[in-house]
Peer 1: 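Before I ask anything, here is the structure I am working with.
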There are 2 protein chains.
Amino acid sequence: MRTLYHPETKDIQLPAVLYALSDPIRLKLVSQLSEDAETDLELSCGELDMGVPKSTLSHHLKVLRESGITRTRLAGTQRFVTLRKGDLEGRFPGLLGAVTKAMAEDETKTTPDR
Amino acid sequence: MRTLYHPETKDIQLPAVLYALSDPIRLKLVSQLSEDAETDLELSCGELDMGVPKSTLSHHLKVLRESGITRTRLAGTQRFVTLRKGDLEGRFPGLLGAVTKAMAEDETKTTPDR
DNA sequence: GGGAGGGTTCGATAATATTCGAACAATTGA
DNA sequence: TCAATTGTTCGAATATTATCGAACCCTCCC
């Protein structure tokens, strides 16, 4: 794995983005990344604890990355993941915001889990 | 099939909605329904011509309905389908708008098809 | 060179989805 | 009652996806 594929902004496809966001684990990842984006924080994969084996986590992060939702930066033995907030806003204005907002609301109403 | 299942507004789930929207055909259906919603028009299934067999169309309409995106009204031998715009706006503000807008933009840039 | 830390890839399994023809329902109208 | 119109459901084939352990790859550092 020399380079990680990232679609160019213009090549980000709506169905792919929506699909990537349709999984609870990936939604949760986006939610967490969204919080840290507020403070320009980068998260390493290890910090994104979803309670699943790392191979599963890796899979979900790949789906997010390849759909254009996240960017993964190589740094030594670590990978730092960030939301492509600006790119997404430019491509699909309001979409990511609506999704993260919807998640935040749901959190406050119920704190299910799973 | 006596009654068609529709989730209550409060029971509409974000992942299910995003999943339903992640398919190109269903996205196109939503796009078409969105246009006609402007003029309070109801569309029968037959008017939603997606170029697929009716069993396939029926399947996609079911996914949309059961996720809470559309409402299907029985009227004789026909079914009239509408977007649950208000319900969705209340549940996930801005989401549907962002999606339909994104589709509209893409249409203008490229008129692919498929 | 050789661990250790941090992730990815492989492989297999199980679960879900998509697709579409054929058969089936329900309603309307002749 | 019969038949046409509109859709839905069934069934089966195909394809995708999720999941996770095991093996592997890199990089840093001693």
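Below, chains carry the letters A, B, ... as their sequence lines are ordered, and counting in each starts from 1.
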Peer 1: Write down the distance between CZ (Arg73(B)) and C1' (dT8(D)), rounded to a whole number of angstrom.
Peer 2: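 Arg73(B) atom CZ is separated from dT8(D) atom C1' by 18 Å.
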Peer 1: For residues 11-20 of chain B, which side-chain donor-acceptor pairs fall under 3.5 Å, sequence neighbours excluded?
Peer 2:
| from | atom 1 | to | atom 2 | distance (Å) |
| --- | --- | --- | --- | --- |
| Gln13(B) | NE2 | Asp11(B) | O | 3.3 |

Peer 1: Whole angstrom is fine here: how far is it from CG in Leu21(A) over to P in dA18(D)?
Peer 2: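 Value for this atom pair: 13 Å.
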Peer 1: Quick one: Leu61(A) CG to dT8(C) P, roughly how many Å, whole number?
Peer 2: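 Checked: the CG to P distance equals 7 Å.
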Peer 1: Is Thr77(B) close enough to dT27(C) that one of its side-chain N or O atoms is under 4.0 Å from OP1 or OP2 there?
Peer 2: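 So the side-chain polar atoms of Thr77(B) never come under 4.0 Å of the phosphate oxygens OP1 or OP2 of dT27(C).
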Peer 1: Is it the case that the side chain of Glu47(A) and the backbone of Ser44(A) share a donor-acceptor pair, with hydrogens and angles ignored and the cut-off at 3.5 Å?
Peer 2: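 Indeed, once roles are kept as given, a pair shorter than 3.5 Å links the two residues.
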Peer 1: If you assign Lys62(A) and Gln78(A) each to the DNA chain C nucleotide with the nearest heavy atom, which residue ends up on the more 5' nucleotide?
Peer 2: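 On the 5' side of the pair lies Gln78(A).
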Peer 1: Would you give me the side-chain donor-acceptor pairs under 3.5 Å for residues 48-62 of chain B, sequence neighbours excluded?
Peer 2:
| from | atom 1 | to | atom 2 | distance (Å) |
| --- | --- | --- | --- | --- |
| Asp49(B) | OD1 | Gly51(B) | N | 3.0 |
| His60(B) | ND1 | Arg26(B) | NH1 | 3.1 |

Peer 1: For Arg91(B) and Thr9(B), indicate whether the former's side chain and the latter's backbone hold a donor-acceptor pair under 3.5 Å.
Peer 2: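 Side chain of Arg91(B) to backbone of Thr9(B), a donor-acceptor pair under 3.5 Å: yes, one is there.
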Peer 1: Starting from C1' on dT6(D), measure out to CG on Leu57(B) and report it in whole angstrom.
Peer 2: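 For the pair Leu57(B) CG and dT6(D) C1', the rounded distance is 11 Å.
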Peer 1: Leu43(A) CG to dG6(C) P: how many Å, rounded?
Peer 2: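 So the two atoms are 15 Å apart, to the nearest Å.
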Peer 1: In sequence, state the C-alpha distance, the side-chain angles, and the governing distance for Lys85(A) and Glu38(A), and then conclude on salt bridge (Lys or Arg N to Asp or Glu O under 4.0 Å).
Peer 2: CA-CA 10 Å; Lys85(A) 251 186 165 171; Glu38(A) 305 297 327; 3.3 Å; yes
Peer 1: In whole Å, what is the span from the CD atom of Glu66(A) to the C1' atom of dT16(D)?
Peer 2: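 Going from Glu66(A) (CD) to dT16(D) (C1'), I get 14 Å.
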Peer 1: What string of B, S and - do you get for nucleotides 17-22 of chain C, 5' to 3', if B is base contact, S is sugar-phosphate-only contact and - is no contact with any protein heavy atom under 4.0 Å?
Peer 2: SSBBBB
Peer 1: Round to a whole Å and report the spacing from CG of Asp49(B) to P of dT6(D).
Peer 2: 13 Å
Peer 1: So, Thr70(A) side chain and Arg65(A) main chain: donor-acceptor pair closer than 3.5 Å or not?
Peer 2: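 It does hold such a pair.
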Peer 1: Measure CG/Leu74(B) against P/dT8(D) and give the value in whole Å, please.
Peer 2: 9 Å
